[in-house]
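See structure below.
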Amino acid sequence: MIEQDHLQAYELTLTTQGLLYVGSGKKLPRKEYIFNARKQTVAFLNEQAFFDLLIQNQLVELFEGYCMRQGGDLYTFLYRECGLNAAQVKPAVLYEVDASNAMDAEHTLKDIDCFMRNANQQAYVPGSSVKGAIRTALLFDAIQKDPAHHDFIDYKKGIPEEAYFHTLNLNSRKREDAVNSLMRGIQISDSLPIDDRNMMLTLKTDSTVIGQSHSINLCRECVAPGTRIRFALTLDQSILKGRWTADSILKAIRAFAAYQMQLYAAKFQQPQDSVQIAGENLLMLGGGVGFFSKSLVYPYLGEGEGLTWTVNQLSRAFRNHHHERDRALGVSPRTLKYGRYRQKLYAYGACKVTIQ
């Protein structure tokens, strides 16, 4: 930690215990990447360099025909139909990732939900994503310390965060104004770039309360388990005034992880081929972590009322999914999300946090 006046600067490190997916919003169609079945890799292309390759080899019309027809894959088109070799194609490749957990030569290729990348096409995790996950843990901590009983949540506004965090009184006429929030005292940078050797593709897998799992035809670009991701964390104590410190943030993260494990995850049987996530200071981050990790309905209302509220909300939002059945199971939502890595199932989003 480096301290200067009221500022405390730390290195925050996430070590992925499961699969981390932070989506960019980009979906790459199955005909626009190169799947190498022998190497079990997917190559993502630089669009400009790829079109230069087509122009230089007079393949533009042939490529237009490839795009218009149903089926087909880019590897077969480039190497077999066009007769190109790896040395010719290589300049058009931006990066490659392991696809052994998501693709095979015997089945139709899938569209890929891409990971967040910067202007240089380097994978990274936005600091705002980490700050949002920490905010949830801190709000959980504040709710746990609140002796009041809560029996209502506004469906549109959600849990009244301003009641716990908006204490600065910089805009007394509008308490919900973010200028009043203590969260202004926590700043987290975007992460350092993540090496593409730590990136991989996986299919989303749902697991039921009795441990039955099935894969869904949804392919995501993820950070593999065991990857370290570094951020800069700055605490401004002129705003926080000691209410939140590095230690108290870690304590809140630890308490929220334990709560999720005891109240939610423990209700599910582990799939036979899954890896049990263990350890303290676990932050659930990114896509696929599920409703429970991003909502504080259960701690705010209590387990019974939280279940009722969640069932009603999900039934309203997803009318064909029969979430009313969740009541009998005693848990809602009724599935946990996994992805496959090295023949094992790993939960989405579990990251161990250290602050130094």
Practice task
Check whether F51 and L62 end up in the same hydrophobic cluster, where Ile, Leu, Val, Met, Phe, Trp and Tyr are linked by side-chain heavy atoms less than 4.5 Å apart.
Solution key: yes

Problem - Closest contact, heavy atoms only, T205 versus S213 - result: CG2-CB, 3.8 Å

Practice task
Dump the intermediate steps for salt bridge (Lys or Arg N to Asp or Glu O under 4.0 Å) on D113 and K27, then the final yes or no.
Solution key: CA-CA 5 Å; D113 289 341; K27 186 181 287 287; 2.5 Å; yes

Problem - Under 3.5 Å: donor-acceptor pair, side chain of D73, backbone of T76 - result: yes

Completion exercise
Between the CZ atom in R220 and the NZ atom in K204, the distance rounded to the nearest 0.5 Å is 6.0 Å

Problem - Student check: side-chain heavy atoms of V179 and L168 closer than 4.5 Å - result: no

Handout entry: Any side-chain heavy-atom pair of V22 and F115 under 4.5 Å
Key = yes

Practice task
Quick one: do L20 and T227 satisfy side chain to side chain contact (heavy atoms under 4.5 Å, CB included)? Show the steps, please.
Solution key: CA-CA 10 Å; L20 177 59; T227 303; over 6 Å; no

Handout entry: Within 6.0 angstrom of E47 CD, more than 12 heavy atoms from elsewhere
Key = no

Problem - Spatial distance of atom OH (Y75) from atom CZ (F35) [nearest 0.5 Å] - result: 10.0 Å

Problem - For the student: nearest non-hydrogen atoms of I229 and S191, plus distance - result: CG2-CB, 3.4 Å

Exercise for the section: Using a strict 4.0 Å threshold on nitrogen-to-oxygen distance, state whether D141 and K251 make a salt bridge. Expected result: no

Exercise for the section: Return yes when atom CZ of R197 has more than 12 non-hydrogen atoms of other residues, nucleotides or ligands closer than 6.0 Å, and no otherwise. Expected result: no

Handout entry: Donor-acceptor contact present, side-chain Q40 to main-chain A37, <3.5 Å
Key = yes

Exercise for the section: State yes or no: do L28 and F77 share one hydrophobic cluster built from I, L, V, M, F, W and Y residues joined by side-chain heavy-atom distances below 4.5 Å, directly or via other members? Expected result: no

Handout entry: Co-membership, hydrophobic cluster, residues V60 and L53, 4.5 Å side-chain
Key = yes

Practice task
Can you see which heavy atom on P333 is nearest to which on L314, and at what distance?
Solution key: CG-CD1, 3.8 Å

Practice task
Compute the ring centroids of F50 and F63, then answer whether they are less than 6.0 Å apart.
Solution key: yes

Exercise for the section: Could you go through the side chain to side chain contact (heavy atoms under 4.5 Å, CB included) check for E96 and V42 one step at a time? Expected result: CA-CA 6 Å; E96 286 185 330; V42 159; over 6 Å; no

Practice task
Would you mind reporting whether V331 and F292 have side-chain heavy atoms less than 4.5 Å apart?
Solution key: no

Exercise for the section: For the pair S274 and Y338, evaluate side chain to side chain contact (heavy atoms under 4.5 Å, CB included) and give the outcome as yes or no after the intermediate values. Expected result: CA-CA 8 Å; S274 65; Y338 291 85; 4.0 Å; yes

Handout entry: Side-chain (N46) to main-chain (Q48) donor-acceptor, under 3.5 angstrom
Key = yes

Practice task
Over 60° means perpendicular and under 30° means parallel, so classify the ring planes of F256 and F140, tilted if in between.
Solution key: tilted

Fill in the blank from the handout: Rounding to 0.5 Å, atoms CG (L19) and SG (C351) come to a distance of 10.0 Å

Fill in the blank from the handout: d(R230 CZ, E11 CD) to nearest 0.5 Å is 5.5 Å

Exercise for the section: Assess whether atom CZ of R30 is packed by more than 12 heavy atoms of other residues, nucleotides or ligands within 6.0 Å. Expected result: yes

Fill in the blank from the handout: Output for pair (Y79 OH, L84 CG), nearest 0.5 Å, gives 8.0 Å

Exercise for the section: Indicate yes or no for a side-chain donor-acceptor contact from K131 to the backbone of Q187 under 3.5 Å, with no hydrogens or angles considered. Expected result: no

Fill in the blank from the handout: Heavy atoms of E161 and S181 approach each other most closely as OE2-OG, 4.5 Å

Completion exercise
Here the pair of heavy atoms bringing K110 nearest to N217 is CG-OD1, 2.8 Å

Handout entry: Other ILVMFWY residues reachable from L218 by side-chain steps of under 4.5 Å
Key = I216

Exercise for the section: Check the side chains of T245 and D247 for a donor-acceptor pair under 3.5 angstrom, ignoring hydrogens and angles. Expected result: no

Problem - Partners meeting ring-ring contact (aromatic ring centres under 6.0 Å, His included) with H6 (sequence neighbours left out) - result: none

Completion exercise
Paired with R228, the side-chain contact (heavy atoms from CB on, under 4.5 Å) test is passed by just one of I194, T16, L14, T15, namely T15

Practice task
Consider only side-chain N and O atoms of S293 and Q260, and report whether a donor and an acceptor are under 3.5 Å apart.
Solution key: yes

Handout entry: R69 CZ: over 12 foreign heavy atoms closer than 6.0 Å
Key = yes

Problem - Check: D146 side chain, A142 main-chain N or O, donor-acceptor pair, under 3.5 Å - result: no

Practice task
Look at the side chain of N120 and the backbone N and O of Q122, then say whether any donor-acceptor pair between them is shorter than 3.5 Å.
Solution key: no

Fill in the blank from the handout: Residues passing the ring-ring contact (aromatic ring centres under 6.0 Å, His included) test with Y348, sequence neighbours excluded, are none

Problem - For Y346, ring-ring contact (aromatic ring centres under 6.0 Å, His included) partners two or more places apart - result: Y341

Practice task
Taking atom CZ of R316 as the centre, report whether more than 12 heavy atoms of other residues, nucleotides or ligands fall under 6.0 Å from it.
Solution key: yes

Practice task
State whether F165 and R135 meet the cation-pi test: NZ (Lys) or CZ (Arg) under 6.0 Å from the six-membered ring centroid, and within 45° of the perpendicular axis.
Solution key: no

Practice task
Verify whether one side chain among T335 and D206 offers a donor that lies under 3.5 Å from an acceptor in the other.
Solution key: no

Handout entry: K294 side chain to A133 backbone, donor-acceptor under 3.5 Å
Key = no

Handout entry: Pairs meeting criterion side chain to side chain donor-acceptor pair (under 3.5 Å) with involvement of residues 56-67, two or more places apart
Key = none

Problem - Cluster overlap L250 with L282, hydrophobic side-chain contacts below 4.5 Å - result: no

Exercise for the section: Measure up the Y300 and Y164 rings against each other and bin them: parallel (under 30°), tilted (30 to 60°), perpendicular (over 60°). Expected result: perpendicular

Fill in the blank from the handout: Taken to the nearest 0.5 Å, the spacing of I153 CD1 from L301 CG works out to 4.0 Å

Practice task
For the pair T202 (side chain) and R340 (backbone), establish whether a donor and an acceptor sit closer than 3.5 Å, ignoring hydrogens and angles.
Solution key: yes

Handout entry: Lys/Arg N to Asp/Glu carboxylate O, E32 vs K26, below 4.0 Å
Key = no

Problem - Test: R342 and D98 ion pair at under 4.0 Å - result: no

Practice task
For a side-chain hydrogen bond (donor to acceptor under 3.5 Å, both in side chains) with Q237, tell me which candidate from R243, Q8, E3 qualifies.
Solution key: Q8

Handout entry: Closest non-hydrogen atom pair, L78 against C82
Key = O-CB, 3.3 Å

Exercise for the section: Group every Ile, Leu, Val, Met, Phe, Trp and Tyr by side-chain heavy-atom contacts under 4.5 Å, then state whether L139 and L240 land in the same group. Expected result: yes

Problem - Worked verdict on S332 versus W309 for side chain to side chain contact (heavy atoms under 4.5 Å, CB included) - result: CA-CA 10 Å; S332 184; W309 191 95; over 6 Å; no

Handout entry: Heavy-atom donor-acceptor pair, D196 side chain to M199 backbone, under 3.5 Å
Key = no

Exercise for the section: Report the residues that fulfil ring-ring contact (aromatic ring centres under 6.0 Å, His included) with F291, sequence neighbours left out, ordered by chain and then residue number. Expected result: none

